[in-house]
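Bear in mind that the values here come from a model prediction, so they are computed numbers and not experimental data. Index from 1, following the sequence.
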Amino acid sequence: MSGEGAGIAVLGAGSWGTALAILLARNGHEIRLWGHEPEPAAALQRDRENRHFLPGIPFPEGLTSSSDLAWCITDAEEILVVVPSHAFGSVMQQISTIAPNPASLSWATKGLEPESLRLLHEVARARFPDTDLAVVSGPTFALEVAKGMPTAITVASSNLQHATRMAGYLRNDTFRAYTSDDLVGVQIGGAAKNVMAIAAGMSDGLNFGANARAALITRGLAEITRLGLALGGQHDTFMGLAGLGDLVLTCTDNLSRNRRMGLALAEGLSIEEARERIGQEVEGLAAARDFRRKAETLNVDMPITEQVYRIIYEGVDPASAVKALLSREQKPEVG
């Protein structure tokens, strides 16, 4: 890649990957957007927009789409991975066959690796022991970022220079990027909030009211923080953009796929019917299973996650589950 801006490979052509590619290209960088299926990737290049996920938002000059992974990442100054969490490990493996030791690698994926329950920086580190790693997370909806609406996020890395460099690629007059060294906390906050959004959507869909929603958000933050601290995250992270900020956004606005999943479940739709209606990946479904297991291994109390799991995987009635949460044993509000 060449040019005045950085050459950045964005891997994943869903709504969030496309929005980030558009943002970076508007900032003057040369962007190669990778989609794993040839026909949709070719359609992106032909139409110069993502008509499926972000219709009507044109691609800036400097953004090229392809299904050729080697072409996308060769000579890239930064690789930004934006695929669903269940595909993250596979993409790491594919990258490693082409670029065994990239200088730096970032991701905007939220979740745990299924089965192993590893955080994504652990998955990436196992493949790339000497590569600078960073995670991009925070309260963001792809559509608003693609439209250039005001947004703030966090870039976390154990190498502050890498975090600062990645934040600089993203930053412009309407997009502010803060830096952090808390890889664990930023990842936990960004992934676990999806479970809470399903719960909040169910509560609102059942017309339980604003009081119940506020209680779920507040206690959801408490259990996310408990888990994050148990894994080595920093308390302040959960009070910031990647914690409280992302949680509030995802629980309260209907652009959230996870909130819409909760609304659909409260309406009586099955998981598959709700998925078909939403038409995109709903990370909170797998996150409920994975974070429940993770909490069990660490002996961390996560009652909201437990009830969302029971609704999704055990067929418990949403109304009964939310009422069970609100009628738990009386205790001091500590953590």
Answer yes if [X] and [Y] sit in the same cluster of Ile, Leu, Val, Met, Phe, Trp and Tyr residues linked by side chain heavy atoms under 4.5 Å apart, and no otherwise.
| X | Y | answer |
| --- | --- | --- |
| Leu160 | Val184 | no |
| Ile304 | Leu263 | no |
| Ile224 | Val248 | yes |
| Met149 | Val145 | no |
| Leu269 | Leu285 | no |

CA sep, side-chain torsions, deciding dist, call: Val282, Ile271, side chain to side chain contact (heavy atoms under 4.5 Å, CB included): CA-CA 10 Å; Val282 181; Ile271 297 291; over 6 Å; no

What heavy-atom pair brings [X] and [Y] nearest, and what distance separates the two atoms?
| X | Y | value |
| --- | --- | --- |
| Ala230 | Leu298 | CB-CD1, 4.4 Å |
| Ala6 | His29 | N-ND1, 2.9 Å |
| Ala321 | Val316 | CB-CG1, 4.2 Å |
| Leu229 | Phe238 | N-CE1, 4.3 Å |
| Thr179 | Ala167 | CG2-CB, 4.0 Å |
| Leu170 | Phe175 | O-CD2, 3.5 Å |

Any side-chain heavy-atom pair from [X] and [Y] closer than 4.5 angstrom?
| X | Y | result |
| --- | --- | --- |
| Phe128 | Ile95 | yes |
| Val155 | Val135 | no |
| Arg26 | Asn172 | no |
| Thr64 | Gln45 | yes |
| Ser157 | Met166 | no |
| Met92 | Val81 | yes |
| Trp34 | Ser66 | no |
| Arg277 | Glu267 | yes |

Between Glu283 and Ser85, a side-chain donor and acceptor under 3.5 Å: yes

Residue pair Ser67, His36: steps toward the side chain to side chain contact (heavy atoms under 4.5 Å, CB included) verdict: CA-CA 5 Å; Ser67 61; His36 73 283; over 6 Å; no

Main-chain N/O of [Y] paired with [X] side-chain donor or acceptor, under 3.5 Å:
| X | Y | value |
| --- | --- | --- |
| Arg293 | Glu115 | yes |
| Arg213 | Asp204 | no |
| Glu113 | Leu119 | no |
| Glu77 | Gly7 | yes |
| Arg259 | Cys251 | yes |
| Thr237 | Gly185 | no |
| Thr297 | Lys294 | yes |
| Glu49 | Gly56 | yes |
| Thr131 | Pro129 | no |
| Thr18 | Ala13 | yes |

Measuring from [X]:[atom1] to [Y]:[atom2], what's the distance to the nearest 0.5 Å?
| X | Y | atom1 | atom2 | answer |
| --- | --- | --- | --- | --- |
| Leu105 | Asn101 | CG | CG | 11.0 Å |
| Thr109 | His86 | OG1 | NE2 | 10.0 Å |
| Thr305 | Arg310 | OG1 | CZ | 13.5 Å |
| Met196 | Leu247 | CE | CG | 7.5 Å |
| Trp107 | Gln187 | CH2 | CD | 5.5 Å |
| Thr174 | Glu144 | OG1 | CD | 11.0 Å |

[X] atom [atom1], neighbour heavy-atom count above 12 within 6.0 Å:
| X | atom1 | result |
| --- | --- | --- |
| Arg171 | CZ | no |
| Asn211 | CG | no |
| Gln161 | CD | no |

Members sharing Tyr178's hydrophobic cluster (side chains within less than 4.5 Å): Leu241

Residues forming a side chain to side chain donor-acceptor pair (under 3.5 Å) with Gln234, sequence neighbours excluded: Asp181

Working for side-chain hydrogen bond (donor to acceptor under 3.5 Å, both in side chains), residues Gln93 and Thr97: CA-CA 7 Å; Gln93 189 277 328; Thr97 63; 5.1 Å; no

Audit row: His52, Gln280, side-chain hydrogen bond (donor to acceptor under 3.5 Å, both in side chains) steps and yes/no: CA-CA 10 Å; His52 184 66; Gln280 292 178 264; over 6 Å; no

Within 45° cone and under 6.0 Å: Arg292 NZ/CZ vs Tyr309 ring: yes

Side chain to side chain contact (heavy atoms under 4.5 Å, CB included) between Asp301 and Glu223, intermediate numbers included: CA-CA 7 Å; Asp301 186 28; Glu223 68 179 69; over 6 Å; no

Side chain to side chain contact (heavy atoms under 4.5 Å, CB included) evaluation trace for Met239 with Leu244: CA-CA 5 Å; Met239 300 302 112; Leu244 178 61; 5.5 Å; no

Electrostatic pair Glu272-Arg275, nearest N-O below 4.0 angstrom: yes

